[in-house]
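Here the structure is laid out as structure tokens; the discussion comes afterwards.
Every number for a ligand or one of its atoms is a count from 1 in the order of the listing. The analysis underlying the following values was restricted to heavy atoms, covering all of them including side chains, and did not include hydrogens, waters or symmetry mates.
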Amino acid sequence: MVTPTERVRACERSKIRVMFDLAEAADRDLIRLEVGEPDFDTPAHVVEAAADAARNGQTHYTSNAGLQELRDAIATTLHRDYEIEYDPDQFTVTNGGMEALHLAVLSTVEKGAELLIPSPAWPNYWTQARLADGVPVEVPMAEAEGYALDAENVVDRMSDDTGAVILCSPSNPTGQVYDPEPIREVVEAAAEHDAYVIADEVYLGLVYDRDPVGIAALTGHPDHVLTVGSCSKTYAMTGWRVGWLGGPAELVDEATKIHESTTACAGSVAQHAAIAALTGPQEPVEEMYDAFAERRAYVADRVAEMEGVSCPTPNGAFYAFLNVDLPGSSLAIAKRLLREQDVVLAPGNGFGEAGEGKLRLSFASSLEDLETGLDGIERAVQQA
Ligand code: PLP
């Protein structure tokens, strides 16, 4: 009999995958609005830079923390675009934001300590807390407040058992961008408890109605903030697996020890691609941003005029968290939409209990697909 450790058994597969698997098995054309990645290809100059690097023998291990040129580029970009002031040696380049989050949680959450997760939130946080032998604690944010960060609620839940708090802004799945004041309050309280705020900012390049500012730049306690970023969403580079962990140098150095023993470094060719993405022409990135902004406006306008469907207007990322007036659980509604309308959405309870009854729509799809998908949702509500 095969018995994996309790640690592994405690981890669940994401409920989002259920709909993905059902859609794959359906064997007919469906409108796939459940996926969380840009529908664009990586910009051509980035692909070229990677091909050049591979041809030129840049195919060896790099230093564990990543290529110096890339860390320089990350520091410059974060300062220029998000006001974050880190030196290049305050970064470790990781295999996607995912690995950076894993390192951040392993480095801040002691065995038995708590990882506070304002929710609805990305399911991997729960897994990452469990892999650190920590305790994931969901702190629900109110739908009536548009899932805005309720600092009082988070601070009330904090104690000396708190290792870290995850703040994901812009948020997957709600599309919310947190206001500076509640962020400051949470960081302040974390510092008082000798805990950390892990700023998941992989969507910071996709903020629509204000200038994006990094959490580390907003607070008087940057030494209690770890910043997670990535090339995945902003540069349409999900498969290249390049992200970064930034923060107090001592902590990032410690985290790099784990990185050294688990992945050694991010892929060398992918790191060269990331340098091109950050330092090369930004027109392709601007075009993708404009397309996401147009789709966001389309989805928000359509939902606003629909009977029986609502959502807080997303001001970042590429998600709308829908309240659809159909009976049953998130999963039941998602299955019904697939079966009856050929539309695939992610069930909201995959993002914590606070998401039960809701559905996540990704607008990282063409306007045509969004129109057809929203028509289907509208029909389902009218027919109910
Ligand atoms: N954080 C959030 C909220 C995400 O949605 C994702 C990916 O979907 C990630 C982190 C990790 O992204 P990556 O590892 O591709 O950088």
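Looking at Arg295 and Asp39, a side-chain N of the basic residue comes within less than 4.0 Å of a carboxylate O on the acidic one, giving a salt bridge.
His221 places none of its side-chain heavy atoms less than 4.5 Å from the side chain of Val197. Put simply, the side chain of Tyr178 does not reach to within 4.5 Å of the side chain of Val186, judged on heavy atoms.
Enumerated by chain and number, the residues approaching ligand 1 to less than 4.0 Å through a heavy atom are Gly96, Gly97, Met98, Leu101, Trp122, Tyr125, Cys168, Asn172, Asp200, Val202, Tyr203, Ser230, Ser232, Lys233, Arg241.
Cluster membership for Val381 and Leu337, using ILVMFWY side-chain heavy atoms within less than 4.5 angstrom, is shared.
Checked options Val139, Asn153, Ile198; the residue passing with Leu116 is Val139 (criterion: side chain to side chain contact (heavy atoms under 4.5 Å, CB included)).
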- Using the side chain to side chain donor-acceptor pair (under 3.5 Å) rule, take Ser169 and Glu201 through it: C-alpha gap first, then chi angles, then the decisive distance, then the call. CA-CA 6 Å; Ser169 177; Glu201 299 185 329; over 6 Å; no

